[in-house]
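Below is one structure; the comments refer to it alone.
Lettering follows sequence order; numbering is per chain, from 1. Since the model is a prediction, treat every value here as computed from it, not as a measurement.
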Amino acid sequence: MRLVRVINRELRRIAYRPRYLIILTLGIILAFTIFATMTSEGQPKNLPIAVVDMDGTYLSRRVCHEINATSGVQVYAVYNNHSEARKAMQQGKIFAFYEIPKGTYNEVLQFRAPHFVLYVNSAYMLAGTLSYKQLATMGMIAGAAVQREIYRKKGYGDDQIMGLIQPVEFDTRNIGNAEINYGSYMMTTLMPALIAFLTVLHTIYVIARERQERSLRSWLNKANGNALIALIGKAIPYTVWYILLCLIVNFIMFGPMGFLMEGSWMLMVLNTIMLIVAAQCAGLFIGACITDAPLAMSIGAIYSAMSFTFSGFSFPIEAMPKAYEVASWLYPIRQYFLNYTDIALFGNGFEHCWKHFAILLLFLLMPIAGAPLLAWQYKLDKKTHKLNTEAK
Amino acid sequence: MIKILKDIWIVLSIEARRVFTDSTVLLIFFIAPIIYPLIFCSVYNKENVEDMPVAVVDESPSEDSKRFIHKIDATPEMSVDYKCCNIEEARKLFKDHDVRAVFYFPKDFATRLETLRTGRIVVYGDMSSFYYFKAALLGGNNVLIDEMQSIELERYEKAGLTNQEAEIQMQPVVYETTTLYNPSNGYGSFFLPILLILVIHQTIFLGICILSGDANENRYALKLIPPHLRNNHTQRVTLGRALCYVLIYIPITILDLWFIPRWFHLPQLGNLYTILEFALPFVLSVVYFGMTIGTLFVRQKISPMLCFVFFSLMLFLLSGMVWPQQSMPRLLFLFSQIFPSTPGVQGYVKIASMGGNLEVVRTEYMTLWLQALVYFSTATLATYLKQYNRHRKKEKLHKVHASEEILRKLRITHNTKE
């Protein structure tokens with residue numbers, strides 16, 4: 001009954017001032033649209049690269065054509081000297097360039113191996129790596145084609161030729177993202193992480209707002225002074241809303257957008273719910289403990305700004321200093337990410353991920369720890385109020 | 001002229017007092033830009049994954065496969081922690097995340113090599129992070145190339161080619177690769193320059209928004225402006241405020257964009273003068289951008305912090321470093337140019353990581369000055385409009401008061417007459 005009263009009060013407050021809920025929801029939708037349109041092709045297409053053709057012969061032009069035919073990259077320009085290409089690279093106009101030195105054609109005529117140099121700009125992580133990969137593959141294929149021609153003329157069979165050109169090969173199977181789709185790699189963790197820390201901040205915000213409006217007393221009065229019930233009641237409307245949002249986002253990603261979902265949907269739904277609830281518990285704890293509203297908000301912001309790093313999806317936690325591995329336990333998104341890889345990418349069942357669920361459950365203790373502090377503040381507030389009224 | 005300077009000075013000192021008396025703003029202006037780079041730099045200090053655990057399944061034990069496994073173990077990227085008898089065992093390790101890649105030598109590996117055909121190795125890679133994938137790919141490829149050459153040489157000898165002929169045959173074209181600007185291809189060298197610019201952008205922006213929220217909440221926004229500047233010369237107000245923030249951020253910019261990259265051995269080819277010259281329009285445009293948004297939209301002191309992390313993430317993704325600008329949809333690219341962080345990040349990376357000068361980053365430099373100019377006008381306009389509205393409201397109130405006063409007086413006179 002007390003709980004219902006608090007929820008009722010909170011709903012009324014939201015209805016009275018729905019601005020921030022609307023803004024944040026629109027923000028999530030905007031972020032989702034931007035991610036989805038940006039990464040809709042899976043990998044960046046048409047990466048501009050260049051060729052420095054110092055040879056200027058039939059052969060070098062052939063190479064240009066060949067590069068143009070390679071998927072993923074396109075020849076932005078053909079330069080005559082190294083410095084021009086280098087400058088274009090510095091300006092970010094191209095991500096890589098091939099340099100064909102002078103006298104290449106002559107060397108080929110004399111049966112000597114010509115030297116091609118490939119320069120790659122790796123300051124742009126993704127673009128540099130991808131253009132390198134495409135160009136290196138192209139180089140290998142082109143080289144192999146030359147070799148094959150020679151062997152064929154010498155009278156070898158095709159199977160033998162392959163054995164000579166490439167004695168060992170890798171058959172790579174990328175578990176969890178077969179076609180290396182960057183969209184599925186980034187969005188599946190970034191979107192829930194975004195919603196989770198907005199939940200944290202919003203929870204802190206609504207509590208901080210009570211403090212600023214000096215309505216702490218009326219809020220806790222609705223719960224008959226029980227701080228825990230007051231906290232839970234305050235959180236529930238937002239819990240429902242953000243769980244709903246996160247579930248919708250996940251359904252869109254794993255449904256129509258076709259990102260890999262190997263395991264059970266039920267576990268993923270549970271994972272999502274636990275993520276939001278745990279995030280909210282962290283928010284409730286910070287909100288209840290820190291009495292100064294701006295300070296509580298800044299601590300919330302500092303805490304959540306690190307959540308992408310400590311989810312470990314971009315850069316693995318194992319490669320960080322040990323202390324940060326411990327710090328990552330403070331973030332529900334870390335457990336969510338581990339669960340997500342287990343469930344969606346590896347198709348593992350509950351027996352694999354129960355540990356992470358258990359850690360997420362531990363977050364539920366946070367508001368219980370924060371409640372006595374809030375109760376104490378409430379008592380203090382009541383006392384001063386009483387004194388004030390008596391004084392009047 | 002002296003009057004203008006004096007006005008600017010007055011505004012500046014008022015603003016500085018506000019900054020230095022607000023603990024939240026102090027935290028954001030002076031602690032955050034130092035703490036964040038330090039934390040992030042130490043987090044990403046290792047740059048790459050080292051000694052990633054892998055498992056091997058060797059179903060055709062031979063000299064070749066053994067040598068191969070040894071070489072994999074010897075790479076800096078990987079260490080062979082498990083040798084499994086069958087693929088099922090390896091799969092279990094893989095599913096339990098005990099290993100991040102599995103190298104599987106099928107039964108026919110040795111026989112294929114003996115019969116001079118292509119031996120096939122199956123690699124299972126964990127794609128939950130690209131760094132696992134990268135480590136397996138990079139380390140594996142190095143071993144592969146090394147192995148290939150020794151096997152190839154053997155085979156050419158068998159095929160009756162001399163050594164020299166064989167070498168030419170092996171590589172009809174020699175490809176050399178030079179990786180520029182981030183030689184180890186590490187995450188830290190890539191991410192941290194972006195982070196440094198974003199930290200400056202976000203702390204200025206957030207601090208200014210909090211200050212305007214504070215002024216609005218406590219209803220002393222009007223009092224902050226000297227009375228004679230309230231109705232005209234608003235540009236002096238915005239100039240004075242901006243000067244205050246720019247002065248505060250000069251040491252922070254030098255620290256963040258110059259000293260910290262040096263301490264943590266990030267790629268740093270630019271010189272201090274170029275960086276500072278580039279940072280000036282950047283800081284200015286961020287300041288005016290913050291003032292515009294703060295004056296127009298911020299009503300509460302704590303609400304900017306609600307959107308802050310979200311906004312940072314968006315700026316990071318739109319900066320064109322994650323997803324190349326050339327591959328972005330046109331509309332998104334134009335949208336990203338609204339924010340000073342986009343040209344800021346692009347320009348700073350080109351200067352600091354790639355050793356460019358101002359001529360190289362001319363587009364970004366000009367964009368930043370243009371943004372500074374546009375946001376200066378919008379900030380001035382917004383401040384002016386706010387003053388004007390306040391003033392009118394006040395006047396209206398005044399008029400109401402005045403008419404009430406007259407009515408009251410009339411009533412009094414009426415009463416006394418009666």
Side-chain angles (χ1 to χ4, degrees), chain A residues 27 31 37-38 44-48 90-92 113-125 127 139 143 146-147 159-160 162-164 166-177 197-198 201 205 208 293-294 297-298 301 304-305 309 313 315-316 319-320 324 341 345-346 348, chain B residues 24 27 42-44 46 49 95 116-129 131 140 144 147-148 151-152 155 168 171-182 185 187 190 301-302 305-306 308-310 313-314 321 323-324 326-329 332 346 349-350 353-354 356 360:
Chain A
T37 46
M38 200 159 81
K45 293 272 156 68
N46 299 330
L47 295 168
Q90 266 188 340
Q91 288 174 329
H115 240 76
F116 285 3
V117 189
L118 170 61
Y119 291 89
V120 182
N121 183 351
S122 55
Y124 295 85
M125 195 67 138
V146 176
Q147 281 177 316
D159 206 23
Q160 263 178 316
M162 258 336 273
L164 278 169
Q166 192 164 30
V168 193
E169 68 173 4
F170 277 146
D171 178 0
T172 319
R173 294 174 193 180
N174 300 318
I175 309 297
N177 195 345
F197 75 65
L198 283 182
L201 284 171
Y205 173 80
M297 281 307 283
S298 6
S304 46
T309 307
F313 93 102
F315 191 72
M320 293 178 191
Y324 293 113
T341 53
L345 302 185
F346 286 80
N348 287 343
Chain B
T24 318
L27 183 79
S42 61
V43 165
Y44 295 125
K46 255 194 194 165
V49 176
K95 277 202 158 190
L116 302 186
R117 281 179 302 164
T118 306
R120 200 166 52 95
I121 302 168
V122 184
V123 184
Y124 296 92
D126 185 337
M127 288 295 286
S128 61
S129 166
Y131 277 77
L144 189 73
E147 267 302 279
M148 246 162 67
I151 298 175
E152 269 182 345
R155 287 188 178 177
I168 296 167
Q171 277 194 305
V173 181
V174 180
Y175 290 98
E176 238 178 72
T177 310
T178 312
T179 318
L180 296 170
Y181 312 132
N182 180 1
N185 220 335
Y187 191 74
F190 154 75
K301 189 176 179 181
I302 55 175
M305 283 180 266
L306 194 56
F308 152 74
V309 185
F310 165 73
L313 177 71
M314 298 312 299
M321 296 302 293
W323 201 260
Q326 286 92 338
S327 312
M328 261 185 209
L332 215 55
Q346 291 282 337
V349 169
K350 282 169 196 172
S353 303
M354 308 188 202
V360 167

Original post:
Pick from B:L313, B:V122, B:L306: which one has the most heavy-atom pairs with chain A under 4.5 Å?
Top reply: B:L306

**OP:** Answer with side chain, backbone, both or neither: which region of A:P44 has an atom nearer than 4.5 Å to a non-hydrogen atom of chain B?
**Re:** both

**OP:** Nearest 0.5 Å please: distance from the OG1 atom of A:T341 over to the CE atom of B:M127.
**Re:** 13.0 Å

Original post:
Between A:Q90 and B:M354, is there a donor-acceptor pair closer than 3.5 Å when you use the side chain of the first and the backbone of the second?
Top reply: yes

**OP:** Please report the shortest heavy-atom distance between B:T24 and A:S298, naming the atom on each side.
**Re:** CG2-OG, 3.7 Å

**OP:** Hey, can you tell me if A:F315 and B:Y44 have their rings parallel, tilted or perpendicular (30° and 60° cut-offs)?
**Re:** perpendicular

Original post:
Top residue by heavy-atom pair count (under 4.5 Å) with chain B, among A:G92, A:P294, A:A127, A:A319?
Top reply: A:P294

Original post:
Non-hydrogen atoms of chain A under 4.5 Å away: do they reach the side chain of B:K95, the backbone, both or neither?
Top reply: both

Original post:
What closest approach, in Å, do A:A123 and B:F190 show between heavy atoms, and which atom pair accounts for it?
Top reply: O-CD1, 3.3 Å

Subject >> B:V43, part contacting chain A, at a heavy-atom distance under 4.5 Å >> reply: both

Subject >> Interatomic distance, A:F346 atom CZ to B:S128 atom OG [nearest 0.5 angstrom] >> reply: 5.5 Å

Original post:
B:L332 versus chain A, heavy atoms under 4.5 Å apart: side chain, backbone, both or neither?
Top reply: side chain

**OP:** Please flag which part of B:L27 lies under 4.5 Å from any non-hydrogen atom of chain A: side chain, backbone, both or neither.
**Re:** side chain

Original post:
Under the side chain to side chain contact (heavy atoms under 4.5 Å, CB included) test, which residues partner B:Q346, sequence neighbours left out?
Top reply: A:Y124, B:M321, B:Q325, B:K350, B:E364

Subject >> Which atoms of A:Y119 approach chain B - backbone, side chain, both or neither, heavy atom under 4.5 Å >> reply: both

**OP:** To the nearest 0.5 angstrom, please state how far the CE atom of B:M305 sits from the CG atom of A:L201.
**Re:** 9.5 Å

Subject >> Heavy-atom pair of closest approach, residues B:F308 and A:A301 >> reply: CD2-CB, 3.7 Å

Original post:
What's the shortest heavy-atom distance between B:F310 and A:G27, and which atoms?
Top reply: CZ-O, 3.2 Å

**OP:** For chain A, find which of B:V349, B:L144, B:D126 contributes the most heavy-atom pairs closer than 4.5 angstrom.
**Re:** B:L144

